[in-house]
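Starting from 1, each residue takes its place in the sequence as its number. Note that the coordinates shown come from a computational prediction; the quantities given were computed from them, not determined experimentally.
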Amino acid sequence: MEEIKKIETQSANVPEFQLIDAEAKIDKKINELAKIKKVLCKKIEDQSTTDESALYQPEIKKRPEIGFWCSRQSISCTKEEVAQLFSEFYKQLGSLAVMDTTKSGFLTKLSVENPDGYADASFRIIKQTIDDQQDVLIPIIKKSGGDYVTVLVENNLAGISKGLSRLKAFCHNHHLKTNDHLWQINTGDTLIETGSSKYGWLEFAVLNETH
């Protein structure tokens, strides 16, 4: 800041190299503050979404557009296949998997009308992209912004099945149409053995108008 103040008060022309150096320092500080803000926002979100009183209560939420790196689609849902998929995906991401605080989870091919089909549905592992990481050669998929019917669940088969049944009933009661892609978004960075956080959001994009 002192250096910038000196540049502002200089009456003579400032050497170009000095301006370029000051600009680089400002850009570096902006990037540092942006990363700090992202961490703080994630901490706030984690604390606000793990309240057990909010579990299994479907609602409609506005979600922003987000880009995710995605794995190949699973062939089967055996433990061996899931383990192989995780190994491949996070090996490609490398240190990014543990350095950032972005969202992660799964994209599952499933209709809201078919909660019983979850256990056998194919899926992809997803992790939110990072703006300054352009050299990661992994396919990217966009989660469109808009209205989503969502529910917070415990990230185990029983919890997810219960949440999906609640979403189906909620959509029927409110005459909602959704697409056939289930977004499963972890609420935290600490993952349990299934590759999920303790709690997670189940979300379907709403296709018709909501009021």
With rounding to the nearest 0.5 angstrom, report the [atom1] to [atom2] distance, [X] to [Y].
X: Leu85; Y: Ser74; atom1: CG; atom2: OG; value: 6.5 Å
X: Gln92; Y: Ile138; atom1: CD; atom2: CD1; value: 4.5 Å
X: Gln184; Y: Tyr118; atom1: CD; atom2: OH; value: 3.5 Å
X: Trp69; Y: Ile141; atom1: CH2; atom2: CD1; value: 15.0 Å
X: Asp116; Y: Ser161; atom1: CG; atom2: OG; value: 7.5 Å
X: Gln57; Y: Leu55; atom1: CD; atom2: CG; value: 8.5 Å

Pairwise side-chain contact, [X] with [Y], heavy-atom cut-off 4.5 Å (strictly under):
X: Phe204; Y: Leu164; answer: yes
X: Ser104; Y: Tyr90; answer: yes
X: Leu107; Y: Leu182; answer: no
X: Leu202; Y: Ile160; answer: yes
X: Ile60; Y: Leu176; answer: yes
X: Val82; Y: Phe123; answer: yes
X: Asp180; Y: Asn114; answer: no
X: Lys143; Y: Glu65; answer: no

Mind checking side-chain hydrogen bond (donor to acceptor under 3.5 Å, both in side chains) for [X] and listing every partner two or more places apart, or none if nothing turns up?
X: Glu154; value: Tyr56
X: Ser122; value: Gln73
X: Asn156; value: none
X: Glu59; value: none

I'd like to know if Lys62 pairs up with Asp147 as an ion pair, taking the criterion as any Lys NZ or Arg NE/NH1/NH2 lying under 4.0 Å from an Asp or Glu carboxylate oxygen. yes
Would you say that more than 12 heavy atoms from the other residues, nucleotides or ligands in this model lie under 6.0 Å from the CD of Glu16, or not? no
With sequence neighbours left out, what residues match Phe68 under ring-ring contact (aromatic ring centres under 6.0 Å, His included)? Trp183
Kindly write out the residues that satisfy ring-ring contact (aromatic ring centres under 6.0 Å, His included) with Phe89, not counting sequence neighbours, or none if the list is empty. none
Do side-chain atoms of [X] reach the backbone of [Y] as a donor and acceptor pair under 3.5 angstrom?
X: Thr187; Y: Tyr199; result: yes
X: Asn155; Y: Lys198; result: no
X: Arg124; Y: Ser71; result: yes

Holding to side-chain contact (heavy atoms from CB on, under 4.5 Å), I want the full list of residues that pass it with [X], two or more places apart in sequence or in another chain.
X: Asp21; value: Glu3, Lys25
X: Gln84; value: Arg72, Glu88
X: Ala121; value: Thr108, Leu110

I'd like to know whether Phe170 forms a side-chain contact (heavy atoms from CB on, under 4.5 Å) with Val149, so could you lay out the CA-CA distance, the side-chain angles of the two residues, the decisive distance to 0.1 Å, and finally the verdict. CA-CA 9 Å; Phe170 184 86; Val149 56; 3.5 Å; yes
On a heavy-atom basis, which atom in Thr178 and which in Cys171 lie closest, and how many Å separate them? CG2-SG, 4.1 Å
Evaluate side-chain contact (heavy atoms from CB on, under 4.5 Å) for Ile125 paired with Cys70, printing each intermediate quantity in order. CA-CA 6 Å; Ile125 303 167; Cys70 65; over 6 Å; no
Considering only residues two or more places apart or on different chains, which pairs with a residue in residues 162-177 satisfy side chain to side chain donor-acceptor pair (under 3.5 Å)? Glu113-His172
